[in-house]
Amino acid sequence: MADPRKKKPLRENVGDSGFYENIATTSGGSPIANELATTRSARSRLDKAVFDKPSQTRVMTVTNQKGGVGKTTTTVNVAAALAKHGLRVLVIDSDPQGNASTALGVEHTPDVPSIYDVLLDEMTIAEVVQPSREADALSVVPATIDLSGAEIELVGLDQRESRLKIAVDEYLESIREAEGEQIDYIFIDCPPSLGLLTINAMVAASEAFIPIQCEYYALEGLSQLLNNIQLVQNSLNKELEVSTILLTMFDRRTNLSNEVAQDVREHFPDATLNTKIPRSVRISEAPSFQQTVITYDPQSPGAIAYEQAALEIAKQGVK
Ligand SMILES: Nc1ncnc2c1ncn2[C@@H]1O[C@H](COP(=O)(O)OP(=O)(O)OP(=O)(O)O)[C@@H](O)[C@H]1O
Ligand SMILES: [Mg+2]
């Protein structure tokens, strides 16, 4: 009897849920042949696509206090996709779990200089930033476990909500002066909470980027997040806007995924990207190789979907 496990890679490559809803399928032929053809044509369109530079640095905080919705996965894959297409990108890992640092293959053991040192004013971003193996144009400010104490340590410090913004502005200025060139995108990966680390990220950014998992309870807690964004807009950063919402872990076979996607689009017609990220084994296994899916399996539907989302984001930047 055939070993059923052998079929898995084929299924993963051709039949990842949801992605094909984003693209018209070819008529005629078997469903698998159609899906393969669709993947190939999407891949070749993306390979030829031009990702324009934004006129100024876009600082996006990737946030949702709900845990496990795909914040880190979205941060690292969108960042890697933009860098792959020639844009200069910085990822700031602002989560003590350090998952973005892991996925981007940078050192983040407790002795490594990190975002913690920056927030505590002991180092600049320039002193802690590391190149990522993912792409030449991608660098990372790592997070170490030290950051878990920062929420409490920050409470007693001056400008406790603006420390990241001050550091980011100083870094951007130093890059402009030294290199005469801008960083195109900064993504800040937030922890699943609305504490001071997340507030610092919201104050440093001009855009909130919210991944929403296509699951039951997806919208629960969203009003609390939006309230917090509003509070930050009112008192600390009037530039902040919810510019981007990305539907993650979409499974086109379930009614639930489709209902959540429809609901989110009705509530946020402008911010919600057309691309939905499918639930995909390739996406979830990439971090264990300290890679993003963009380099781990560029032909997979998950990689293609993230690249397509990155292209939509790049297009927003030149509106
Ligand atoms: N599209 C996807 N398909 C399959 N698995 C996914 C997908 N996106 C994310 N995952 C997996 O879901 C889990 C949660 O994702 P991720 O860590 O990105 O969420 P998060 O919002 O950053 O979580 P946290 O709130 O803990 O920071 C991870 O194991 C990740 O590999
Ligand atoms: Mg995370």
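Worth knowing before you read on, the calculation uses all heavy atoms, side chains too, and leaves out hydrogens, waters and symmetry mates.
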Between Q230 and N228, a side-chain donor and acceptor under 3.5 Å: no
Using only atom types and a distance under 3.5 Å, with no angle test, would you say the side chain of N237 pairs donor to acceptor with the backbone of A205? yes
Write out all pairs satisfying ring pair (Phe, Tyr, Trp, His ring centres under 6.0 Å) with one or both partners inside residues 95-134, taking only residues at least two apart or from two chains. none
Is there a donor in the side chain of T295 and an acceptor in the side chain of E134, or the other way round, less than 3.5 Å apart? yes
Look at the side-chain heavy atoms of Ile, Leu, Val, Met, Phe, Trp and Tyr, link any pair under 4.5 Å apart, and say whether V62 and L311 land in one connected group. yes
Answer yes or no: is there a donor N or O on one side and an acceptor on the other, between the side chain of S162 and the main chain of K165, under 3.5 Å? no
Donor-acceptor contact below 3.5 Å, side chain R282 vs main chain P301: no
Among K53, Q56, R88, which residue satisfies the side-chain hydrogen bond (donor to acceptor under 3.5 Å, both in side chains) criterion with D184? K53
With distance as the sole criterion, is a donor-acceptor pair present between the side chains of S257 and D251 under 3.5 Å? no
Residues S243 and E207: side-chain donor-acceptor under 3.5 angstrom: yes
Closer than 4.0 angstrom, basic N to acidic O: yes or no for D189 and K71? no
What residues, two or more places apart in sequence or in another chain, satisfy ring-ring contact (aromatic ring centres under 6.0 Å, His included) together with Y171? none
So among T74, N77, T275, which one has a side-chain hydrogen bond (donor to acceptor under 3.5 Å, both in side chains) with Y306? T74
Side-chain donor-acceptor pair under 3.5 Å between Q316 and R58, yes or no? yes
Does T57 have any side chain to side chain donor-acceptor pair (under 3.5 Å) partners at least two apart in sequence or in another chain, and if so, which? none
Applying ring-ring contact (aromatic ring centres under 6.0 Å, His included), name anything that partners F289, two or more places apart in sequence or on another chain. Y296
Linked, directly or transitively: L240 and L222 (ILVMFWY side chains, under 4.5 Å): yes
With sequence neighbours excluded, residues passing salt bridge (Lys or Arg N to Asp or Glu O under 4.0 Å) with D263: none
Please list all pairs meeting ring pair (Phe, Tyr, Trp, His ring centres under 6.0 Å) that have one or both residues in residues 67-94, counting only residues at least two apart or in different chains. F51-H85
R160 (side chain) donor-acceptor with E151 (main chain) under 3.5 angstrom: no
Looking at T248 and V69, would you say the former's side chain and the latter's main chain have a donor-acceptor pair under 3.5 Å? yes
Closer than 3.5 angstrom, by distance alone: can the side chain of S101 be matched with the main-chain N or O of A143 as a donor-acceptor pair? yes
Please answer whether the main-chain N or O of G302 pairs with a side-chain N or O of S280 as donor and acceptor at a distance below 3.5 Å. no
Do S193 and Q65 have side-chain N/O donor and acceptor atoms under 3.5 Å apart? no
